[in-house]
Amino acid sequence: MSITDSSIELPILDVSQPLNESMSSFLAESCIKWGFFLITNHGVSKDLYDRIELMQEYCTKMTELSNKIIEVLLMCLGKSFGSKFLESEFNNCHGYLRIINYSPPEKLDNEVEGLGKHTDISCITVLYPDQIGELQVKSMEGNWTVVKPREGALVVNIGDMLQAWSNDRLRSSEHRVVLNQPVNRFSLAFFWCFEDQKVIYAPDEVVGERNRRIYEPFLCLDYTKFRENYVKGKFEKVGHTVKDFAGTLKICM
C-alpha cells in the first residue's frame, strides 16, 4: 500500500441550513467514494472541545483511585492479598467512562425506571452521583433500598468480574435508578474491568481450604458477549448474570 502527498477536498455540510439538491448530490458522492465529509455551524465550540482535557484528567484520577480501591478490597479478603494479587491479577485492568443523563419523567403517578435492574459486568464501578438519591440496591432478602447520597462522596459497587474472582466473597448486587422527581439527572460512572483476554479463576487462597469453587474458569470477553446477546447489545435490564454463565457449585459452610 502506497502513501501519497495528495489531498482530497471533502464536501462541507452546513448543518444550520436546509439541505439543497446540489449539496445532497455532492454529499452522497463523497459518502460513496470516501465515507467522509465535513460539517460546520455545529454548535461545538473550541472551548467546549478543550474541556475534553478535563475529562481525560478525570479518567486518570479514576484509574488511580480504582487501583487503590482494588488493593483495599484485596486486603479485606486477606491481609497479604493486596501485595500478592494486585500486580499479578489486576495489572492489566482498564477503565471506561459513561456519562449518564436521565430526562425527567413525564408523569410521577407510577414508578419510572431510568435504568432498569441489573448488575455491572466490571470488577468495580465508581459513580459520581447527583444528590437526588434515586439509586436503589436490592438487599440479600430481595428488597429495594435507596442509597442515601452524601455530599462529596463517591459510590463504589462490586461488579460481576470481581464477584466471580473472589468466589462470591464479594457481592455484585442488583441495582437500578428510579426517577421519582421532575428534574434532569446527571452522573458519571467509571467501570474498572479485567482485560478481555483475562481468564477469571479464583486463586486457591481466596477460595479457602474449607470452601468449594463456585465458578468454572471463563474468559472475560466471552462473558461480555453473553451479556450482550441477552439484551441486544445493552447491559441494562438483565436477568442473566455471572452465575448463570459460569456458576457451578454453591459454597460449603
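- Counting heavy atoms from C-beta on, the side chains of Val206 and Glu89 never come closer than 4.5 Å.
- Considering OG of Ser45 and CG of Asp50, their distance stands at 8.0 Å, rounded to 0.5 Å.
- Within the 4.5 Å cutoff, the side chain of Leu65 has heavy atoms near those of the Leu154 side chain.
- Between Val147 and His175, the closest side-chain pair of non-hydrogen atoms is not below 4.5 Å.
- Annotation: the span from Ser187 atom OG to Arg98 atom CZ amounts to 10.0 Å, rounded to 0.5 Å.
- Residues Tyr215 and Tyr201 are members of separate hydrophobic clusters, defined by side-chain heavy-atom contacts under 4.5 angstrom among Ile, Leu, Val, Met, Phe, Trp and Tyr.
- Minimum interatomic distance between Met23 and Pro11 (heavy atoms only, all atoms of both residues): SD-CB, 4.5 Å.
- Cluster partners of Leu219 are Val199, Leu221, counting Ile, Leu, Val, Met, Phe, Trp and Tyr whose side-chain heavy atoms approach within less than 4.5 Å, directly or via other members.
- For the pair Ile200 and Cys220, the minimum side-chain heavy-atom distance is below 4.5 Å.
- Residues that satisfy the ring pair (Phe, Tyr, Trp, His ring centres under 6.0 Å) test with Phe90, not counting sequence neighbours, are Trp165, Phe194.
- None of Thr125, Val156, Val126, Ile70 except one satisfies the side chain to side chain contact (heavy atoms under 4.5 Å, CB included) rule with Trp192; the exception is Ile70.
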Verdict with supporting geometry, Leu135 and Leu127, side chain to side chain contact (heavy atoms under 4.5 Å, CB included): CA-CA 11 Å; Leu135 174 63; Leu127 179 70; 4.0 Å; yes

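- In this structure, Phe190 and Gly95 approach most closely via the heavy-atom pair CZ-CA, 3.7 Å.
- Without hydrogens or angle criteria, Asp244 side chain to Thr241 main chain gives a donor-acceptor distance under 3.5 Å.
- Taken to the nearest 0.5 Å, the CH2 atom of Trp144 stands 9.5 Å off from the OG atom of Ser139.
- A donor atom on one side chain and an acceptor atom on the other are not found under 3.5 Å apart for Asn167 and Asn211.
- Environment of CE in Met75: sparse, with no more than 12 heavy atoms of neighbouring residues, nucleotides or ligands closer than 6.0 Å.
- Across all their heavy atoms, Glu174 and Lys117 have their closest contact at OE1-CD, 3.8 Å.
- Checking side-chain atoms of Tyr223 against main-chain N and O of Phe245 turns up no donor-acceptor pair under 3.5 Å.
- When the side chains of ILVMFWY residues are joined at heavy-atom separations under 4.5 Å, either directly or via intervening members, Leu10 and Leu13 end up in two distinct hydrophobic clusters.
- Linking Ile, Leu, Val, Met, Phe, Trp and Tyr residues whenever their side-chain heavy atoms come within less than 4.5 Å places Ile99 and Ile121 in a single cluster.
- Atom CD of Glu64 is surrounded by more than 12 heavy atoms from other residues, nucleotides or ligands within 6.0 Å.
- Met161 and Val72 are members of different hydrophobic clusters when ILVMFWY side chains are connected at heavy-atom separations under 4.5 Å.
- Taking CD of Glu87 as the reference point, atom CD of Glu71 lies at 9.0 Å (rounded to 0.5 Å).
- Linking Ile, Leu, Val, Met, Phe, Trp and Tyr whenever their side-chain heavy atoms come within less than 4.5 Å puts Leu162 and Phe218 in one cluster.
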Audit row: Leu73, Ile124, side chain to side chain contact (heavy atoms under 4.5 Å, CB included) steps and yes/no: CA-CA 10 Å; Leu73 292 173; Ile124 59 171; 3.8 Å; yes

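- With contacts defined as side-chain heavy-atom distances shorter than 4.5 Å, the pair Leu188/Met62 does not qualify.
- Considering only heavy atoms from C-beta on, Glu205 stays 4.5 Å or farther from Leu77 through its side chain.
- Under 4.0 Å is where a charged nitrogen must lie from a carboxylate oxygen, and between Asp204 and Arg213 at least one such pair does.
- The two atoms that bring Pro129 and Ala153 nearest to each other are CD-O, 3.8 Å, heavy atoms only.
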Side-chain atoms of residues 25-41: list all donor-acceptor pairs with protein atoms under 3.5 Å, sequence neighbours left out, distances to 0.1 Å.
unit_1, atom_1, unit_2, atom_2, d
Ser30, OG, Phe36, O, 2.7
Asn41, ND2, Asp14, OD1, 3.0
Asn41, ND2, Asp14, OD2, 2.9

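- Taking OG of Ser83 as the start and CG of Leu74 as the end, the distance is 9.5 Å to the nearest 0.5 Å.
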Verdict with reasoning, His94 to Cys193, per side chain to side chain contact (heavy atoms under 4.5 Å, CB included): CA-CA 6 Å; His94 65 277; Cys193 308; 4.2 Å; yes

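- For the pair Lys198 and Asn92, the minimum side-chain heavy-atom distance is 4.5 Å or more.
- The OG atom of Ser173 sits 10.0 Å away from atom CG of Asp120, with the distance rounded to the nearest 0.5 Å.
- In this structure, Val207 and Ile214 have side chains that are not in contact, with every pair of non-hydrogen atoms separated by 4.5 Å or more.
- In this structure, Lys138 and Arg171 approach most closely via the heavy-atom pair O-NH2, 3.0 Å.
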